[in-house]
Amino acid sequence: MQRLLFPPLKALMGRQYLRLLARRAAPRAQCDCIRRPLGPGQYSTVSEVALQSGRGTVSLPSKTAERVVGRWLLVCSGTVAGAVILGGVTRLTESGLSMVDWHLIKEMKPPTSQEEWEAEFQRYQQFPEFKILNHDMTLAEFKFIWYMEYSHRMWGRLVGLAYILPAAYFWRKGWLSRGMKGRVLALCGLVCFQGLLGWYMVKSGLEEKPDAHDIPRVSQYRLAAHLGSALVLYCASLWTSLSLLLSPHNLPETRQLRRLRRFAHGTAGLVFLTALSGAFVAGLDAGLVYNSFPKMGESWIPEDLFTFSPILRNVFENPTMVQFDHRILGITSVTAITVLYFFSRRIPLPRRTKMAAMTLLALAYTQVGLGISTLLMYVPTPLAATHQSGSLALLTGALWLMNELRRVPK
């Protein structure tokens, strides 16, 4: 065929065009990736994921992409943990109401001149916290609490960028599977919601309350919602990251293993609830009402547990009841973790899983020691901040153990 066609073409088009035509007609290089049969909707290479979604080819293998995405989400969960810790310190130093307005871009530039600082200080003086609590505050003292809140807000913006920018890049590159795209979208949406919820919380402490003579503070309900959404974001990011980075164990599905898995899930939920109850303790300054342990004052059950009416209000608004509930939840959590640890020792488990159970037990008793010390020493800021950080570490340990025990899909 070439002998029949090339002479006339050579005469019409010339040799240079024929060389170009021959190069274009050369067979395309075949991908040397081996396609392995996986579950439905799964592909052995990211290029196949991209082709399935209608995009062009991508040369990054799927296992490498999973590790990259997993490490990214691990870093994201670390930034969320930093935001939670910094937010706790902001609350402990009573700095959260120092910035009295919210602008996404404008407030990123702090005051630089003396005139700008004085104008910012005058705005703060118009709100209840200055009038009732800080009426003798100097400009230097105001700068400290202002920078504390400013740091928390700027860190929140960093968290948003850490999620949204890499997510857009990975999406464009085709490194996200269909299921992962939905999860990443949910995480990015939760980050944006978290920022709005933070300002909604701060607004509750800036409102004038003519009938109230108490110290101005944010609503404990909004504080709990703000912390709770941050914990959900942290847990979802960390769980996804661990699932991508840690290879699952092919454990035999015995009855004991199923019971251990359910118990681990319940214990993790209890740890989450205990951490969330800490928001009500912080919001009501409930750590300052009974600074003794194990008794509350002179009795095991204080008399002022049910001061408010209706009774349900006491659970969320009575500082005595809030501290009592936090104690009970903490003791129940450490008891459940202890039982979980000894239960896990009765089952043959991989070394990494045993290490996770042992780490969770050590974190639980460390956290209890920090909580009792914080209470007995009248809530010093460094110790209280360490206790709040410990709740996040304990939740991390619970998630790690859950991930170790997860069922491998068939």
Is it the case that the side chain of [X] and the backbone of [Y] share a donor-acceptor pair, with hydrogens and angles ignored and the cut-off at 3.5 Å?
X	Y	value
Glu116	Thr112	yes
Glu129	Leu206	no
Arg91	Gly96	no
Asn314	Ser309	no
Ser204	Ser219	yes
Trp155	Thr79	yes
Gln220	Leu284	no
Arg406	Asn403	yes
Ser229	Ala225	yes
Asn291	Gly287	yes

Using 0.5 Å steps for rounding, measure from the [atom1] atom of [X] to the [atom2] atom of [Y].
X	Y	atom1	atom2	value
Arg407	Leu257	CZ	CG	8.5 Å
Leu360	Met402	CG	CE	11.5 Å
Leu260	Leu340	CG	CG	5.5 Å
Glu303	Leu305	CD	CG	9.5 Å
Thr307	Asn318	OG1	CG	4.5 Å
Leu242	Glu404	CG	CD	8.5 Å

Query raised in the report: For the residue pair Trp146 and Tyr150, does the interplanar ring angle fall in the parallel (under 30°), tilted (30 to 60°) or perpendicular (over 60°) class?
Result: parallel
Requested in this report: If the plane angle is over 60° it's perpendicular, under 30° parallel, otherwise tilted; pick one for Tyr221 and Phe280.
Outcome: perpendicular
**Report entry** side-chain contact (heavy atoms from CB on, under 4.5 Å) evaluation trace for Val322 with Phe316
**Finding:** CA-CA 6 Å; Val322 166; Phe316 305 107; 5.7 Å; no
Quick one: are [X] and [Y] in side-chain contact, heavy atoms under 4.5 Å?
X	Y	result
Ile337	Tyr365	no
Leu139	Gln114	yes
Thr359	Leu363	yes
Trp102	Arg153	yes
Val159	Cys76	no
Leu104	Arg157	yes
Leu86	Ser151	yes
Val184	Cys188	yes

Please report the closest heavy-atom contact between [X] and [Y], naming both atoms and the distance.
X	Y	answer
Ser292	Lys295	OG-O, 2.8 Å
Leu231	Ala275	CD1-CB, 4.1 Å
Leu251	Pro350	CD2-CD, 3.5 Å
Ala384	Val379	CB-CG1, 3.7 Å
Thr267	Ala336	OG1-CB, 4.0 Å
Leu97	Pro216	CD1-O, 4.3 Å

Query raised in the report: Would His152 and Thr90 count as a side-chain hydrogen bond (donor to acceptor under 3.5 Å, both in side chains) if you check the C-alpha gap in whole Å, the side-chain angles of each, and the deciding distance to 0.1 Å?
Result: CA-CA 7 Å; His152 183 51; Thr90 303; 4.7 Å; no
Do [X] and [Y] have side-chain atoms, one donor and one acceptor, less than 3.5 Å apart?
X	Y	answer
Ser277	Asp325	no
Tyr147	Ser95	no
Thr240	Arg183	yes

Requested in this report: Evaluate the criterion side-chain contact (heavy atoms from CB on, under 4.5 Å) for residue pair Arg327 and Tyr290; output intermediate values, then yes/no.
Outcome: CA-CA 11 Å; Arg327 290 185 184 215; Tyr290 284 97; 4.2 Å; yes
Query raised in the report: Can you tell which of Thr374, Leu376, Leu375 makes a side-chain contact (heavy atoms from CB on, under 4.5 Å) with Leu383?
Result: Thr374
Over 12 foreign heavy atoms within 6.0 Å of [atom1], [X]:
X	atom1	value
Leu165	CG	yes
Leu161	CG	yes
Arg313	CZ	yes
Arg352	CZ	yes
Lys203	NZ	no

Query raised in the report: Among all residues two or more places apart in sequence or in another chain, which pass the ring-ring contact (aromatic ring centres under 6.0 Å, His included) test with Phe324?
Result: none
Report summary line: Sequence neighbours excluded, the answer for side-chain hydrogen bond (donor to acceptor under 3.5 Å, both in side chains) partners of Ser391 is none
Requested in this report: Please report the C-alpha distance between Val80 and Tyr163 in whole Å, then the side-chain angles of each, then the deciding distance to 0.1 Å, and finally whether the side-chain contact (heavy atoms from CB on, under 4.5 Å) criterion is met.
Outcome: CA-CA 10 Å; Val80 175; Tyr163 274 92; 3.5 Å; yes
Report task. List the steps and the verdict of side-chain hydrogen bond (donor to acceptor under 3.5 Å, both in side chains) for Thr274 and Ser333. Result -> CA-CA 8 Å; Thr274 306; Ser333 296; 2.9 Å; yes
Query - Stepwise side-chain contact (heavy atoms from CB on, under 4.5 Å) test for Ile85 and Gln388 - result: CA-CA 7 Å; Ile85 294 168; Gln388 291 180 354; over 6 Å; no
Query raised in the report: Below 6.0 angstrom between ring centroids: does that apply to Trp199 and Phe193?
Result: no
Report task. Would you mind checking if Glu253 and Arg261 are paired as a salt bridge, meaning a charged N to carboxylate O distance below 4.0 Å? Result -> yes
Report task. Could you walk me through whether Asp285 and Arg217 pass the salt bridge (Lys or Arg N to Asp or Glu O under 4.0 Å) test, one step at a time? Result -> CA-CA 10 Å; Asp285 291 328; Arg217 55 167 63 97; 2.8 Å; yes
